[in-house]
**Q** 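I'd like to ask some things about the structure below.
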Amino acid sequence: GENVEQHPSTLSVQEGDSAVIKCTYSDSASNYFPWYKQELGKRPQLIIDIRSNVGEKKDQRIAVTLNKTAKHFSLHITETQPEDSAVYFCAATLWQGGKLIFGQGTELSVKP
Amino acid sequence: ETGVTQTPRHLVMGMTNKKSLKCEQHLGHNAMYWYKQSAKKPLELMFVYNFKEQTENNSVPSRFSPECPNSSHLFLHLHTLQPEDSALYLCASSLRTSYNTGELFFGEGSRLTVL
């Protein structure tokens, strides 16, 4: 089955800096990679996703890149703001009705 | 408000108690999920229901018993739990077909403490 590893487990940056979170997956059949954000005491929410037919996707200050050959994908947040502080989870699955497997989570802290 | 509501938000129970967690979604989704979230661990998938039918049981101990009477409601019945079962239990729903995993919409979770 699929296994997703996420690094780092904690990340602290200064406001305005960039943050990068990396994930690797084991099942080469996986073709859908969402990222969820969970603010303290709140529910996880989807922030961006990518399918394996593209290598990069951008939405304002966040972007996700995918390297299918190496089986890893990354979340990039530019110009970080204090409200970006949260736990971020990557996940991998088969787009065609697969089982979503999450990484361990990265606690991002943005210091003003 | 994402349309997925979980009750109770907090629950404390002894190891011999029987209790239930409830989840309700008003999004018209056909799939519902239970996830367990423990500190420093990934979100662990427990059960998946698609059109009221259980399609996934991720090797969950029998002291957790799910029930899905219809596509809008999902329960997790708890019986003779262990202290290590203390965690945040998240319910989610999605519009899922065999061709589309779909975005998960989570509830706010039920924080369970087993004494």
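Lettering of chains follows the sequences in order, A, B, ..., and the numbering in each one begins at 1.
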**Q** Would you check if B:Tyr35 and A:Leu100 make a side-chain contact, meaning some heavy-atom pair closer than 4.5 Å?
**A** yes
**Q** With the 4.5 Å side-chain cut-off for hydrophobic clustering, are B:Val114 and B:Leu78 part of the same group?
**A** yes
**Q** Under 4.5 Å between side-chain heavy atoms, hopping through other hydrophobics if needed: is there a path connecting B:Leu74 to B:Phe105?
**A** no
**Q** Report, as yes or no, whether the 6.0 Å neighbourhood of atom CD on B:Glu84 holds more than 12 heavy atoms from other residues, nucleotides or ligands.
**A** yes
**Q** Starting at CD1 of A:Ile101, measure out to CG of B:Leu45 and round the result to the nearest 0.5 Å.
**A** 6.0 Å
**Q** Salt bridge check: are B:Glu108 and A:Lys42 linked by an N-O gap of less than 4.0 Å?
**A** no
**Q** Hey, is the main chain of B:Phe106 close enough, under 3.5 Å, to the side chain of A:Arg43 for a donor-acceptor pair?
**A** yes
**Q** Check whether any side-chain heavy atom of B:Glu103 lies under 4.5 Å from a side-chain heavy atom of A:Asp49, and answer yes or no.
**A** no
**Q** Please classify the contact of A:Pro44 with chain B as side chain, backbone, both or neither, using a heavy-atom distance under 4.5 Å.
**A** both
**Q** Between B:Gln37 and A:Phe89, is any pair of side-chain heavy atoms under 4.5 Å apart?
**A** yes
**Q** Would a hydrophobic clustering, with Ile, Leu, Val, Met, Phe, Trp and Tyr connected at side-chain separations under 4.5 Å, put B:Leu115 with B:Met15?
**A** no
**Q** Is atom CD of A:Glu107 surrounded by more than 12 heavy atoms (other residues, nucleotides or ligands) closer than 6.0 Å?
**A** no
**Q** Following the transitive rule for hydrophobic clusters with a side-chain heavy-atom cut-off under 4.5 Å over Ile, Leu, Val, Met, Phe, Trp and Tyr, establish whether B:Val48 and A:Phe102 coincide in one cluster.
**A** yes
**Q** A:Gln38 versus chain B, heavy atoms under 4.5 Å apart: side chain, backbone, both or neither?
**A** side chain
**Q** Evaluate the side-chain proximity of A:Tyr36 to B:Leu104: yes if any heavy-atom separation is below 4.5 Å, no if none is.
**A** yes
**Q** Would you say CD of A:Glu79 has more than 12 non-hydrogen atoms from neighbouring residues, nucleotides or ligands within 6.0 angstrom?
**A** no
**Q** So which atom in B:Pro42 and which in A:Gly103 form the shortest heavy-atom distance, rounded to 0.1 Å?
**A** CB-O, 3.1 Å
